[in-house]
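The structure that follows is given in the form of structure tokens.
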Number of protein chains: 4
Amino acid sequence: MSKRDQILATTLELVSEQGFHATSVGLIIKKSGVASGTIYHHFKNKEDLIDTLYSDLKKELGNAIINNLEQELNYKDKFILIWKNLFTFYIENPKKFEFLEDYSNSPFIRKEIKKITQTYYQSAIDFIELGIKLGILRNLPIDLLINIVFGNVATLARMVILEEIELTNELLNITIQSSWDSVKIN
Amino acid sequence: MSKRDQILATTLELVSEQGFHATSVGLIIKKSGVASGTIYHHFKNKEDLIDTLYSDLKKELGNAIINNLEQELNYKDKFILIWKNLFTFYIENPKKFEFLEDYSNSPFIRKEIKKITQTYYQSAIDFIELGIKLGILRNLPIDLLINIVFGNVATLARMVILEEIELTNELLNITIQSSWDSVKIN
Amino acid sequence: MSKRDQILATTLELVSEQGFHATSVGLIIKKSGVASGTIYHHFKNKEDLIDTLYSDLKKELGNAIINNLEQELNYKDKFILIWKNLFTFYIENPKKFEFLEDYSNSPFIRKEIKKITQTYYQSAIDFIELGIKLGILRNLPIDLLINIVFGNVATLARMVILEEIELTNELLNITIQSSWDSVKIN
Amino acid sequence: MSKRDQILATTLELVSEQGFHATSVGLIIKKSGVASGTIYHHFKNKEDLIDTLYSDLKKELGNAIINNLEQELNYKDKFILIWKNLFTFYIENPKKFEFLEDYSNSPFIRKEIKKITQTYYQSAIDFIELGIKLGILRNLPIDLLINIVFGNVATLARMVILEEIELTNELLNITIQSSWDSVKIN
DNA sequence: GATGAATGAGACTTCATTCAT
DNA sequence: TATGAATGAAGTCTCATTCAT
């Protein structure tokens, strides 16, 4: 594992554990076992480090979402597949989930993010847009629909990760159905 | 307005504007016009100040939710009323909304919060529980149902506040309907 | 117990427990149960409070030293009496002992102290001076002789108070004899 | 001279001049000419800095005590040599003397100190123990004998350093004799 | 690529004290 | 006499970052 990757991995760990605002460069140095200068050799500054990590994770997430989507499936089944892809990524990568959630909520970053988001989620946007055109989904603004569904996934994922709820196949299916019912035309 | 209230109001303003981690005590001092010692006369430390503010806002939110709920209404209409109460509170108090969202996502606080939350939201919990018993709502864990609905409200509110979407009566109604469809038994 | 006495008593307690430099006015306020203003009603400032306490204790100590000294005794027995008076005061008032020791060692106070010391210890000074004149004590500077003897008393007292040694009559007598042997002409 | 040593030297200077409680980190920074961060790079915190200095000085003192002790000398002459070694170290290093005295009396540290003390003073302890065994010294607890003698040295050293007394060879010899008379069997 | 000593602005907090009540 | 809210200077320490090696 290269020093650069050590730094990124440690940062992910720390932000997910202690939160964005409690993760100092000093802490990253101590936990990753690299020298302070090494961080500044690989990243312009702390913001660049965090941004890089965020961007990496967003890309990874973007890829996870479209996993297996090339199959021939009807619209609803594709919806379910995307839902599960996202959800699975979250619960299999709780630290990445934490990081993405925590960072996304940090006010001063939001503007930069939106642009990146749109790039990596283009496939999801296209998919929702198609659903509206086909008359399957409610005629609501695309962004709102996406946010609602992604919000649903995050809601369940967070509860499972925090062990506030026990995940069963039935629970998952009903929740997905609930999410589907909220966006489809009834 | 007492010094104590000035401090709380300024803190709300700053956290909503700049985020939790960028709001230093120094900034609060400068903007509220009190001496540093005054903050520590009224609050044990920065954490206590933030906690107090959070707790106050949660209580206020809890009260806002049940506004007008004493009316004779059928279950769905009560659902809509609560939804609108919450939503209205958010868009009429965008700073409080920002603060609550920002703070809730700060990892190291979550445990303490849950207890307070439950106290203030008891009416909402009872209402959801009733819906399940009556066979109106899906048989999902109460907490999950609440988080889904509250998540829906926050999703729309955020977009409206950030002006990513234009609020119309129609949009609101469809979104509420969408939220209702996700929890009711179809 | 008047507020003024409460303040003095609490200060003694705190300085003896936590040391001079760790005893803040805030701590005195909290522990004595008086308001901050009350302290400044009775004492000009913190220094005045400490000085008052110190002066009070020195006077008390000065009186303790000459207890029973009016008896008809030979020189050595008077020496022993004074030694025991001082020692008894220390071990019966460990907090006062701690305070006096701690405060005396605070560098910036020493000058003021010397003047007060001399007033209250005049009887001890006179007694030592007499011993030299009578050819009983070594011809050393009076201050040195006093410091040696007082140092001996403090050495034993500290060890007994800190429970580093168990006090017996024999131990006490030998130590006094040792102290006497160090100042008398052999 | 490394920054670390500059910090230690400045701290010694300041504590000896102004006392323990008046020596702020800010003062150390200003006088040593290093940046605040540099102190915290080398020492965990203020306490660690002071402890390090104390420990260093104790070690130095421990070595000074046994200087030239390898010579063939009778017991009393060895006693005198140790006495003079200690005394010389004190008056040649008045700042170190002040620091050691001031710090030793700071209440909250005493426990840790005792352990360190014993290590560095083992030779002195052994020497006293031998004296008792040989029937030369009074049968008093070792710690008490040591404290008495060390107290004697400190008493004279303090007066000389504070110029309350003028040091002559005769004065020194009588004082040592006085100290010897207090511990030897008469 | 990698190190870690050094920086100094700025973080949070405590301090002794004042003053209107 | 007594209160306690208010003050702001000064306290200790952490921060992100630089640079000579």
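The sequence lines fix the lettering, A, B, ..., with proteins before strands; numbering per chain opens at 1. Because only heavy atoms are used, hydrogens play no part in the values below, and waters and symmetry mates are left out as well, while side chains stay in.
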Next on the checklist: If we ignore hydrogens and angles and just use 3.5 Å, is the side chain of Thr11(A) paired with the main-chain N or O of Ile7(A) as donor and acceptor?
Outcome noted: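 Confirmed, Thr11(A) side chain pairs with Ile7(A) backbone.
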
Checklist outcome for this item: Here the distance between atom C1' of dT14(E) and atom CD1 of Ile39(B), to the nearest Å, is 14 Å

Mind listing the side-chain donor-acceptor pairs of residues 29-42 of chain D below 3.5 Å, one per line with the distance, residues two or more places apart or on another chain?
from: Ser32(D); atom 1: OG; to: Ile28(D); atom 2: O; distance (Å): 2.7
from: Thr38(D); atom 1: OG1; to: Ala35(D); atom 2: O; distance (Å): 3.4

Item to check | Stepwise side-chain contact (heavy atoms from CB on, under 4.5 Å) check, Glu98(C) with Val15(C) | outcome: CA-CA 8 Å; Glu98(C) 268 296 343; Val15(C) 172; over 6 Å; no

Checklist outcome for this item: Here the helical stems involving DNA chain E, each at least 3 consecutive Watson-Crick or G-U pairs closer than 3.5 Å, sorted by first residue number, are E:2-21 with F:2-21

Checklist entry - Between Phe43(A) (CZ) and dG1(E) (P), how many Å, whole number? => result 12 Å

Item to check | Gap between atoms CG and P, on Leu49(C) and dC15(E) respectively (whole Å) | outcome: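 Leu49(C) atom CG is separated from dC15(E) atom P by 15 Å.
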
Item to check | Nucleotide dG4(E), atom C1' - distance to NZ of Lys3(A) in whole Å | outcome: 12 Å

Item to check | Most 5' of Ala35(A) and Gly33(D) on DNA chain E, judged by nearest nucleotide | outcome: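 On the 5' side of the pair lies Ala35(A).
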
Item to check | Interatomic distance where CG belongs to Asp48(D) and P belongs to dT12(F) [whole Å] | outcome: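 After rounding, the reported distance stands at 15 Å.
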
Item to check | Check ion pair Glu164(B)-Arg158(B) (N to O, under 4.0 angstrom) | outcome: no

Checklist entry - Just how far, in rounded Å, is C1' of dT1(F) from CD1 of Ile7(C)? => result 11 Å

Checklist outcome for this item: The ring-ring contact (aromatic ring centres under 6.0 Å, His included) partners of Phe97(A) (sequence neighbours excluded) come to Tyr90(A)

Checklist entry - Who passes salt bridge (Lys or Arg N to Asp or Glu O under 4.0 Å) against Lys95(C), sequence neighbours left out? => result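 Scan of Lys95(C) (salt bridge (Lys or Arg N to Asp or Glu O under 4.0 Å), adjacent residues dropped) gives Glu13(C).
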
Next on the checklist: What does the B/S/- profile of nucleotides 16-21 of chain E look like, 5' to 3', with a 4.0 Å heavy-atom cutoff to protein?
Outcome noted: SBBB--

Checklist entry - What is the distance, rounded to the nearest whole Å, between atom CG of Asp5(D) and atom P of dA5(E)? => result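 In whole Å, dA5(E) P and Asp5(D) CG are 14 Å from each other.
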
Checklist entry - For Asp48(A), which residues count as a side-chain contact (heavy atoms from CB on, under 4.5 Å) partner, sequence neighbours excluded? => result Phe43(A), Lys44(A), Asn45(A), Thr52(A)

Checklist entry - Hey, is the side chain of His41(D) poking within less than 4.0 Å of OP1 or OP2 on dA6(E), counting only N and O atoms? => result no

Checklist entry - When you look at Tyr120(C) and Leu61(C), which way does the side-chain contact (heavy atoms from CB on, under 4.5 Å) test go after all the steps? => result CA-CA 8 Å; Tyr120(C) 296 139; Leu61(C) 179 61; over 6 Å; no

Next on the checklist: In this structure, how many angstroms lie between the P atom of dA16(F) and the CD1 atom of Ile28(A), rounded?
Outcome noted: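 After rounding, the reported distance stands at 8 Å.
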
Checklist entry - Is the backbone of Phe20(C) close enough, under 3.5 Å, to the side chain of Asp102(C) for a donor and an acceptor to pair up by distance? => result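 It does hold such a pair.
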
